[in-house]
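Here's the structure we're looking at; comments come further down.
In what follows, residues are counted from 1 in the order of the sequence shown. As a basis for the values below, the full set of heavy atoms in this structure was taken, side chains included, without hydrogen atoms, waters or symmetry mates.
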Amino acid sequence: MGNINYYLVNSNILPPVYSKVIEAKNYLASGEAVSTAQAVKMAGISRSAYYKYKDAVFEYNGDNNDETETINAKLKDNAGVLSALMSELYKAGANVLSVSQSVPVNSVADISVTVRVTEMSVSIEKLIENIKLIAGVNAVSIGG
């Protein structure tokens, strides 16, 4: 098989079937459709069109790393501390992408939370200040 070439193309110049395939794939990925048959019906395309293009058409969302931040914290091993941190992220409008927590050592757990910050209602600096005020948060920093 030969080399595969990729092009980044404005979707406005493409036939609508490509956008419909992406739409059907999104219905499946989000769980809005439970089957391919349901997804293609919702998108308004045939199953044959979907299967013809599904492995060749992808949506480009950009690779802007400025949209995410990783928050590292040391939390006391007390009930509700992690929940309070998550609540603060929710109030700020941060979209949690991943959470990693170590097993507590000496009653302190290391936690790393990666969040999308584009929809936040406060600055990342203000968010960190608010997290520092939570009872049971020993330390908090950005990055890494």
Side-chain angles (χ1 to χ4, degrees), residues 1-104 109-144:
M1 192 163 187
N3 289 344
I4 298 175
N5 295 318
Y6 291 98
Y7 300 100
L8 187 59
V9 180
N10 185 328
S11 64
N12 293 333
I13 68 165
L14 297 173
V17 67
Y18 297 123
S19 295
K20 298 290 187 176
V21 169
I22 295 294
E23 189 177 335
K25 289 170 75 171
N26 288 339
Y27 287 138
L28 286 167
S30 70
E32 291 179 70
V34 295
S35 67
T36 301
Q38 183 181 13
V40 298
K41 185 175 183 180
M42 292 168 69
I45 58 173
S46 67
R47 283 191 359 234
S48 63
Y50 174 79
Y51 284 113
K52 181 176 182 179
Y53 298 116
K54 76 174 182 72
D55 294 326
V57 178
F58 306 95
E59 186 170 24
Y60 177 75
N61 293 319
D63 293 325
N64 187 352
N65 290 333
D66 294 337
E67 295 179 352
T68 63
E69 291 287 351
T70 300
I71 299 168
N72 300 303
K74 293 189 178 291
L75 307 181
K76 288 184 183 174
D77 185 22
N78 296 338
V81 178
L82 178 58
S83 178
L85 185 140
M86 291 299 172
S87 178
E88 197 60 46
L89 293 172
Y90 170 76
K91 287 190 285 185
N95 181 21
V96 176
L97 301 174
S98 70
V99 178
S100 177
Q101 180 179 346
S102 69
V103 174
D110 290 318
I111 184 166
S112 175
V113 183
T114 303
V115 295
R116 182 166 288 120
V117 297
T118 53
E119 303 291 323
M120 285 190 5
S121 58
V122 298
S123 69
I124 191 71
E125 293 80 14
K126 179 64 176 165
L127 175 61
I128 295 303
E129 287 177 28
N130 293 344
I131 291 172
K132 285 179 179 178
L133 297 175
I134 298 171
V137 173
N138 290 352
V140 64
S141 64
I142 293 290

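Looking at Ser100 and Ser112, their side chains never bring a donor and an acceptor atom within 3.5 Å of each other.
Contact detail for Val113 and Met86: the closest heavy-atom pair is CG2-CE, 4.0 Å. The two residues Glu59 and Ile22 have their closest heavy-atom pair at N-CD1, 3.4 Å. Across all their heavy atoms, Ser102 and Ala109 have their closest contact at O-CB, 3.6 Å. Nearest heavy atoms, Thr118 versus Glu67: CG2-CG, 3.4 Å. What you find for Arg47 and Val40 is that their closest heavy atoms are CG-CG2, 3.5 Å. Closest heavy-atom contact between Val115 and Ala94: CB-CB, 4.0 Å.
Residues Gln101 and Leu82 have side chains in contact (heavy-atom distance under 4.5 Å, counting atoms from C-beta outward). Under the 4.5 Å side-chain criterion, counting only non-hydrogen atoms from C-beta, Ile45 is in contact with Val21. Thr36 has its side chain within reach of Leu28: a pair of non-hydrogen atoms, C-beta onward, lies under 4.5 Å apart. Side-chain contact between Asn95 and Glu119: absent, with no pair of heavy atoms (C-beta onward) separated by less than 4.5 Å. Two residues are said to be in side-chain contact when any heavy atoms from C-beta on lie closer than 4.5 Å; Ile134 and Glu88 meet this criterion. Counting only heavy atoms from C-beta outward, the side chains of Leu75 and Asp110 never approach each other to under 4.5 Å. Using a 4.5 Å cut-off on side-chain heavy atoms (C-beta onward), Lys20 and Tyr50 make no contact.
For the atom pair OH of Tyr27 and CD of Glu32, the computed distance is 6.5 Å after rounding to the nearest 0.5 Å. From Ile142, atom CD1 reaches atom CD1 of Ile128 across 3.5 Å, with rounding to the nearest 0.5 Å. Between the OH atom of Tyr90 and the OG atom of Ser83 there is a distance of 13.0 Å, given to the nearest 0.5 Å. To the nearest 0.5 Å, atoms CD (Glu69) and CG (Leu127) are separated by 10.0 Å.
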Can you check side-chain contact (heavy atoms from CB on, under 4.5 Å) on Tyr6 and Leu8, steps first, answer last? CA-CA 7 Å; Tyr6 291 98; Leu8 187 59; over 6 Å; no
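The number of heavy atoms from other shown groups lying within 6.0 Å of CD (Gln38) is above 12. By the neighbour-count criterion of 12 heavy atoms within 6.0 Å, atom CZ of Phe58 is densely surrounded, having more than that number from other residues, nucleotides or ligands.
Side-chain atoms of Thr70 never come within 3.5 Å of backbone atoms of Gly143 as a donor-acceptor pair (strictly under, hydrogens ignored).
None of Ile71, Thr68, Val122, Ile124 except one satisfies the side chain to side chain contact (heavy atoms under 4.5 Å, CB included) rule with Val117; the exception is Ile124.
Between Lys132 and Glu129 no salt bridge is recorded (no basic side-chain N to carboxylate O distance below 4.0 Å).
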